[in-house]
Each structure stands twice: as C-alpha cells, then as structure tokens.
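Single-structure report; data block below.
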Amino acid sequence: MTKVRAPDFDLKKTLESGQVFHWERDGARFFGAIGDRAALVEQRGELLLTNGDETVIRNYFALDHRLREICASFPKDDAMNAAQQFCRGLRIIRQPKWECLATFICSSMKQVVHIRQISHALRERFGERRKINTRVVYTFPSADRIAASSEKELRQCALGYRAKNLLATARRVAHGGVDLEQLSILSDADLRSRLCELPGVGAKVANCVMLFGYERLRAFPIDVWIERVLRAKYFSRARKLNAGRLRAFTERYFGDQGGYAQQYLFHHARMTKTKARGKGKRGRFVTLSPVK
DNA sequence: CTCCAGGGATGAT
DNA sequence: ATCATCCATGGA
C-alpha cells in the first residue's frame, strides 16, 4: 500500500466525468488499469494505492497540473462559476494515446454507459487479464491486437458501424505508418488535422483525443451536452449558430485552459440534468431556442 | 443543406 | 409491455 498526497484532487469526480470509461467503483475504491498495469486506488484524504507506483499515478492523474491557477484563469460568468464550484478537484488525466483514440472512436453516437460497456467488452475479449485484490481487470488491447482481429469480432463487442472504423484506424497505427507518439511534436492545428484523417475521427473525437491523450489543454470538444450549455448560457438570443461560430467563440472566450473549462461545464451539466429537464416532450432546456 | 446507418440503455406512456 | 429518445461520423 502506497500513500500519495493529492491536494486539489477529487478521484471520483475525475474518474466519473466522462473522460475515461473503464474504472469500476466499489464504494470508495476504484479498480482499473493504468496502461498495462492493474491498479486499485482509493481516496481518503490521501490517495491509497494497491500495486501503485507513485510516479505513474502522479502522471496519470496529472497531479502536477496547477489546478488553482487553471481555475483562476476561467472566465468569470455564472455558468463557469457554478461548474467550477461543482467540479472542485476534477483533473484532466493523461491517458495512453492509443487507448484514448480507440475508446473515443467507439464513443461516437453513444452515451457514457454504453461507451463503458464497449470499453469493457474490448478489454475482456482482446486485452490482458490482471488480478488485483481478488478482482479481475483487463488492460486495453494494443493497436496490433485490434488490427489482428476481424470486423465481425469487433461487432460482437457491440461496436456496430464503429467496428469498421476502429479496425481501419488500428491497422494504420499498427502498420500503416501512423505513429501516435510522433504526432506529439505537431502544433494543435496539425495534430487535429492528422487525427481527423483517421477513420471514425471527426472534429469532436479529435478534440477529445487531443485533450485526454495529448494534454492539449486548449482543445474544446463540443458534444450535445456542451452545445446545449453554450446555447443556453452564452447564446440565448442567437438565431443562427453554426459549428464554426461556436468554435470561434470557445477558442476566444475560454482560451488556454478551454479543455478544463469544457470538462467542468460538461460534468456539471450532466450531473444536474434532471433539474434542467423541461416537462415538454422535446426539450431538455426549455430556454433553448430551436436551431435551424 | 438534409437524411441516414446501428444499437442498447433509459425514460415515457 | 411497447414506444421514443439519446448520441457523432461519414457517406449519399
């Protein structure tokens, strides 16, 4: 058992905020894998690690991010203030690049609970089995392993049409000349366009991979949740609002720590959704104006 | 610009 | 027990 001091960190919020999908909670304990290593982590003031390497944990949970400075840099508005208060201690973690890319390819058109099932199915079928404290966890399968599978096998993991995309991208990463580590040297714009060349990767998935796998803290993924928040809180009177305008706004308004701002707004919106729900059959936010 | 694929949980009736 | 809704990429 290793103890790690972790101020300004909330393990539960971090692992349950929709940035990573394989951790399983049992009370206050989280079972999972960090790269190829099984991990059991619990927060009781300090972090308590079983089979944990302090250096690995500090890096994975980004305990070196200067969270107070990041939060202090957020724009001061009602939505951001509420999200910031709600998400205290939530950190953007550093995920292995392939695992992050593959998982977010599987995330398209899926909800969090579903993405977790897919992640688990892929791990159980193609990953490596590890035991920790009588529990079994699985590592995420390598690109080589996925590339060696078939679309049919992937579909059996409930991937649907994503199976073809995941297989094609795995092949490019395994032996198709795409070196995910090497992409780290690129600028944000170049990295984004290279990621978007991969099958199953559009702007939203690319931004997730940049943020969670490449530590590009400016990246601002816009999914339906965030779009609802932006429309309701920052564009309540806007008539025409397309993807380009939204992107321009988020880049300018949220700036260098936009990824953190996005994650806080996202998690806060999701966790308070029942209150925000309207009674009408079609509206989640009654204040929203129709788009097109 | 619009429409659709594919699918399992979730919520509404 | 049905029925509608959630979800984002890529192609038509």
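All values below come from the heavy atoms of this structure, side chains included, with hydrogens, waters and symmetry mates left out. In what follows, chains are A, B, ... by sequence order, proteins preceding strands, each numbered from 1.
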Distance check needed: [N] [atom2] versus [X] [atom1], whole Å only.
X: A/Phe104; N: C/dG10; atom1: CZ; atom2: C1'; result: 20 Å
X: A/Arg116; N: B/dT10; atom1: CZ; atom2: P; result: 12 Å
X: A/Lys204; N: C/dG10; atom1: NZ; atom2: C1'; result: 16 Å
X: A/Met109; N: B/dC4; atom1: CE; atom2: P; result: 12 Å
X: A/Ile118; N: B/dA9; atom1: CD1; atom2: C1'; result: 12 Å
X: A/Arg162; N: B/dG7; atom1: CZ; atom2: C1'; result: 7 Å
X: A/Leu101; N: C/dT9; atom1: CG; atom2: C1'; result: 14 Å
X: A/Asn165; N: B/dG7; atom1: CG; atom2: P; result: 14 Å

At under 4.0 Å between heavy atoms, what does [X] touch on the DNA or RNA strands: base, sugar-phosphate, or nothing?
X: A/Leu198; result: sugar-phosphate
X: A/Lys110; result: base
X: A/Asp223; result: sugar-phosphate

Below 4.0 angstrom from OP1 or OP2 of [N], is there any side-chain N or O of [X]?
X: A/Arg228; N: C/dC7; result: yes
X: A/Trp225; N: C/dC6; result: no
X: A/Gln111; N: C/dC7; result: yes

A/Gly160 vs A/Asn242, nearer the 5' end of DNA chain B by closest nucleotide: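 Checking each residue's closest nucleotide, the 5'-ward one belongs to A/Asn242.
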Side-chain donor-acceptor pair under 3.5 Å between A/His65 and A/Gln257, yes or no? no
Is it the case that the side chain of A/Gln43 and the backbone of A/Leu11 share a donor-acceptor pair, with hydrogens and angles ignored and the cut-off at 3.5 Å? yes
Under 3.5 Å for both donor-acceptor distances, Watson-Crick or wobble: does C/dA12 have a partner, and if so which one?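 Pairing partner: B/dT2.
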Go through the N and O atoms of the side chain of A/Gln117 and the base of B/dG8, and report whether any donor-acceptor pair is under 3.5 Å. no
Pi-cation contact, A/Phe86 with A/Lys13 (under 6.0 Å, within 45°): yes
Could you work out the separation of B/dG6 and C/dA12 based on their P atoms and round it to a whole Å? 14 Å
Below 30° counts as parallel, above 60° as perpendicular, anything between as tilted: where do the rings of A/Tyr253 and A/Phe249 land?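 Plane angle under 30°, so parallel.
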Residues A/Lys164, A/Glu151: salt bridge by 4.0 Å N-O rule: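 Looking at A/Glu151 together with A/Lys164, the answer is yes, because their closest N to O distance falls below 4.0 Å.
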Out of C/dA8, B/dA9, B/dG6, which nucleotide sits closest to the side chain of A/Val113? B/dA9
Among C/dA8, B/dG7, B/dG6, the nucleotide that comes nearest once only the side chain of A/His114 is considered: B/dG7
